[in-house]
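Order of appearance sets the numbers: ligands from 1, and atoms from 1 within every ligand.
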Amino acid sequence: MSAPNKSYDPVEVEALKPEAIERMRDEALAAFAAADSLDALQEAKVAHTGGTSPLALANREIGALPPQAKAAAGKLVGQARGAVSKALAGRQTELEAERDTRVLVEEAVDVTLPYDRARAGARHPLTTFMERVADVFVSMGYEVAEGPEVEAEWFNFDALNFTPDHPARQMQDTFFVEGPKGTAGDESGVVLRTHTSPVQARSMLDREPPVYIVCPGRVYRTDELDATHTPVFHQIELLAIDEGLTMADLKGTMDHMVQSLFGSDMKTRLRPNYFPFTEPSAEMDMLCYVCKGTSVGNPDRPCRTCSSEGWIELGGCGMVNPRVLVACGVDPEKYSGFAFGFGIERMLMFRHNVEDMRDMVEGDVRFTRPFGMEI
Ligand code: PHE
């Protein structure tokens with residue numbers, strides 16, 4: 001055991017001299033004042049108030065003082081520590097306020113800036129309209145069917161009872177990929193389909209009756225692009241094969257379609273026509289959805305949409321020709337069916353007052369944008 005240290009005078013502890021305590025306090029205050037960020041202040045806080053800071057160490061020394069010296073030293077150190085923590089809190093508040101102001105400025109959002117400079121794309125109105133029409137039939141239980149756009153001449157014409165010399169086979173209407181039939185031997189040529197009707201033949205060959213299909217798709221004809229023609233356009237084809245179907249079913253189905261698309265007071269009418277693959281065949285008109293027929297014989301209220309005729313031509317239709325049923329393996333004694341086909345571009349022109357068909361194919365977003373950003 002070592003002997004007591006005779007020269008030890010607790011009152012004279014170096015760290016507890018008033019000048020030393022004042023210096024510690026002043027250094028702490030200076031460090032806080034110099035801290036220019038919350039991080040720097042945190043460092044100064046650890047250095048000047050932490051467990052190993054000079055003032056904390058001095059505080060610890062008090063315990064070793066004789067009782068009569070403790071009070072004075074305690075007061076001295078306590079006042080210094082109080083001043084230090086007050087200065088710390090004050091600087092902390094100042095720096096936090098500075099930070100908050102800076103954040104408000106730096107992170108301010110300019111709500112007048114466009115939210116997204118790169119506009120999102122959307123599907124073309126032709127596509128969305130075609131799907132909407134197909135949906136009307138899907139809701140009646142029809143199935144969506146598809147076929148190739150590069151089609152065998154047999155499906156496009158022969159199966160549909162087009163005789164070999166039918167004018168529609170001539171070069172002016174049909175894009176031939178191979179053929180045409182007759183010049184390329186007895187084989188069926190290959191064409192870009194001129195209508196969606198070959199899907200009728202494909203669907204009958206693929207399925208057992210009853211058959212209820214709707215076929216939206218792209219078709220091709222050798223037309224010049226102008227205000228009312230385009231060599232690539234779209235059709236929707238409808239085919240129903242079942243026992244006991246009549247022209248009345250066809251008309252009822254089409255009435256339902258125009259009512260779904262244009263309003264419950266719409267109706268259709270039939271005019272005689274000819275197609276090789278339907279018998280009897282008809283042209284289907286729908287009531288003009290703008291004037292509802294009121295412009296007819298009423299020169300004071302002319303209608304631009306239907307040229308005051310009261311009706312708009314929709315497309316071709318009829319009862320499926322029994323020769324087509326036979327060519328596609330369906331028993332015409334047992335089954336009958338109806339078919340309908342119409343152009344989407346024309347319909348979109350009427351529905352949205354589009355005056356020039358070229359607008360639909362040129363891809364200018366100023367045309368498509370007003371239709372909305374349906375995706
Ligand atoms: N495919 C015919 C055309 O493009 C339209 C049509 C379809 C006619 C179905 C009758 C039945 O002109």
Study note, to complete from the structure: Residues with a heavy atom under 4.0 Å from ligand 1, by chain and number, are His195, Ser197, Gln200, Arg221, Gln235, Glu237, Phe275, Phe277, Thr278, Gly316, Cys317, Ala339, Phe340, Gly341
Practice item. Give a yes or no on this: more than 12 heavy atoms of other residues, nucleotides or ligands lie within 6.0 Å of atom CD of Glu243. Key: yes
**Study point:** Check: Cys291 and Cys306 side chains under 4.5 Å, non-hydrogen atoms
**Key:** yes
Check your understanding: Looking only at side chains, do Glu237 and Ser197 share a donor and an acceptor under 3.5 Å apart?
Key -> yes
Exercise for review: Kindly confirm or rule out a cation-pi arrangement of Arg193 over Phe155, judged by NZ or CZ under 6.0 Å from the six-membered ring centre and within 45° of its axis?
Suggested key: no
Review point. Do Val219 and His234 have side chains that get closer than 4.5 Å, going by heavy atoms?
Key: no
Point to revise | With Arg218 via side chain to side chain donor-acceptor pair (under 3.5 Å) - residues at least two apart | key: none
